[in-house]
Amino acid sequence: MNFKSFNLHPHIEAGIEAMGYAVPTPIQTQCIPSVLQNRDVMGMAQTGTGKTAAFVLPILQRLMDGNRKRVQCLIIAPTRELAEQIHDHIRQLGRYTKLKSVTVYGGVEKNVQIKKLRDGVEIVVACPGRLLDLMNQGVIDLSRLKVLVLDEADRMF
């Protein structure tokens, strides 16, 4: 099996190729088809097995033909380091898609994050505290959300 078997958009395939991915890992082989069919998925695998790409690739596919400049995907992560790691995967795998994403977490100036949200993004990778803060301020609109990912949900709970 290779990534072409998932029938992803050519721009996503170009991102996969640019990252040097050749063969999907077991978690990717199991998760990607289900997520592409809009099924709920809970996946567990060791660090370094490709879990992030297992949910990022089908998310990118799902958002390729949707409305732009509206938050359609929210990925919640417990730490800013993990949020940045996920965001980096989104940027690299989606580099040819023109989909925009932003990270949202505390400990940094929020005005930069607010500006990016107002300029329009399709994907938000957020830590819970800053996300709640921006929601309470009415800065982030989740009314058109299509995809929700809780990464490392066990740590957040």
Side-chain angles (χ1 to χ4, degrees), residues 1-105 112-113 116-128 130-131 140-157:
M1 173 177 259
N2 61 32
F3 283 98
K4 294 215 181 276
S5 65
F6 297 126
N7 296 316
L8 298 171
H9 191 282
H11 292 150
I12 298 169
E13 287 183 357
I16 293 168
E17 191 173 309
M19 285 193 70
Y21 292 173
V23 178
T25 65
I27 189 85
Q28 293 165 350
T29 301
Q30 292 174 345
C31 290
I32 291 173
S34 293
V35 178
L36 286 171
Q37 294 174 1
N38 298 327
R39 292 188 186 144
D40 293 339
V41 174
M42 181 169 51
M44 291 177 56
Q46 299 248 331
T47 300
T49 57
K51 290 185 302 289
T52 302
F55 65 81
V56 167
L57 289 170
I59 287 170
L60 293 172
Q61 178 71 26
R62 184 161 181 194
L63 301 183
M64 282 300 293
D65 296 323
N67 294 326
R68 297 294 171 109
K69 295 193 175 196
R70 293 187 175 125
V71 178
Q72 298 175 61
C73 173
L74 174 62
I75 302 168
I76 303 176
T79 66
R80 71 177 85 176
E81 293 80 15
L82 181 56
E84 283 295 342
Q85 179 184 348
I86 295 166
H87 188 240
D88 187 52
H89 268 75
I90 293 166
R91 273 196 310 255
Q92 289 184 45
L93 290 168
R95 70 180 77 186
Y96 303 110
T97 66
K98 297 185 181 173
L99 291 165
K100 294 189 189 265
S101 60
V102 65
T103 50
V104 170
Y105 50 79
V112 173
Q113 297 170 354
K116 287 181 181 179
L117 286 165
R118 289 190 173 143
D119 286 347
V121 298
E122 293 80 33
I123 304 169
V124 174
V125 185
C127 292
R130 180 58 60 91
L131 175 64
I140 188 165
D141 176 14
L142 301 177
S143 66
R144 296 176 196 238
L145 204 64
K146 293 180 180 178
V147 181
L148 173 65
V149 175
L150 303 175
D151 200 354
E152 294 194 18
D154 55 331
R155 286 185 62 193
M156 287 188 284
F157 288 119

Closest approach of Cys73 and Leu63, non-hydrogen atoms and distance? CB-CD1, 4.0 Å
Main chain of Ala18, side chain of Arg95: is a donor-acceptor contact present, judged purely on distance under 3.5 Å? no
With side chain to side chain contact (heavy atoms under 4.5 Å, CB included) as the test, pick out the partner of Ile76 among Leu150, Val125, Ile86, Val104. Leu150
Kindly indicate, with the supporting measurements, whether the criterion side-chain contact (heavy atoms from CB on, under 4.5 Å) is fulfilled by Arg62 and Asn38. CA-CA 9 Å; Arg62 184 161 181 194; Asn38 298 327; 3.2 Å; yes
Could you tell me whether the side chain of Leu99 reaches within less than 4.5 Å of the side chain of Arg68, counting heavy atoms only? yes
Please check: side-chain N/O of Gln113 versus main-chain N/O of Tyr105, any donor-acceptor pairing under 3.5 Å? yes
From Phe6 CZ over to Thr29 OG1, what is the distance, rounded to the nearest 0.5 angstrom? 5.0 Å
Heavy-atom check, side chain of Leu8 versus side chain of Leu36, under 4.5 Å: yes
Near Asp40 CG, under 6.0 Å, is it more than 12 heavy atoms from other residues, nucleotides or ligands? no
What's the separation between atom CD in Gln92 and atom OH in Tyr21, rounded to the nearest 0.5 Å? 7.5 Å
Heavy atoms, side chains only, cut-off 4.5 Å: are Thr97 and Met64 in contact? yes
Side chain to side chain, Ile32 and Pro24, heavy atoms closer than 4.5 Å: no
Is there a donor-acceptor pair closer than 3.5 Å between any side-chain N or O of Glu152 and the backbone N or O of Pro78? no
Indicate yes or no for a side-chain donor-acceptor contact from Glu122 to the backbone of Lys69 under 3.5 Å, with no hydrogens or angles considered. yes
About how many Å separate CG of Leu57 and CG of Leu93, when rounded to the nearest 0.5 Å? 5.0 Å
Only one of Thr103, Leu148, Val149, Val147 passes side chain to side chain contact (heavy atoms under 4.5 Å, CB included) with Ile75; say which it is. Val149
Interatomic distance, CG@Asn7 vs CD@Glu13, rounded to 0.5 Å, equals 7.5 Å
For atom CD of Glu17, decide whether the heavy atoms of other residues, nucleotides or ligands shown that lie under 6.0 angstrom number more than 12. no
Within a 6.0 Å radius of atom CD on Gln37, are there more than 12 heavy atoms belonging to other residues, nucleotides or ligands? yes
Within the structure provided, determine whether Ile123 and Leu60 are in side-chain contact (heavy-atom separation under 4.5 Å). yes
I need the Ile12 CD1 to Gln61 CD distance, nearest 0.5 Å. 4.5 Å
Can you name the residues that form a side-chain contact (heavy atoms from CB on, under 4.5 Å) with Ser5, not counting sequence neighbours? Met1, Asn2
Who pairs with Arg118 by side-chain contact (heavy atoms from CB on, under 4.5 Å), at least two apart in sequence or on another chain? Ile114, Val139
Hey, does the side chain of Lys51 reach the backbone of Ala45 with a donor-acceptor pair shorter than 3.5 angstrom? yes
Working to the nearest 0.5 angstrom, can you tell me the gap between Tyr96 OH and Ile16 CD1? 12.0 Å
Under-4.0 Å salt bridge between Asp119 and Lys116: no
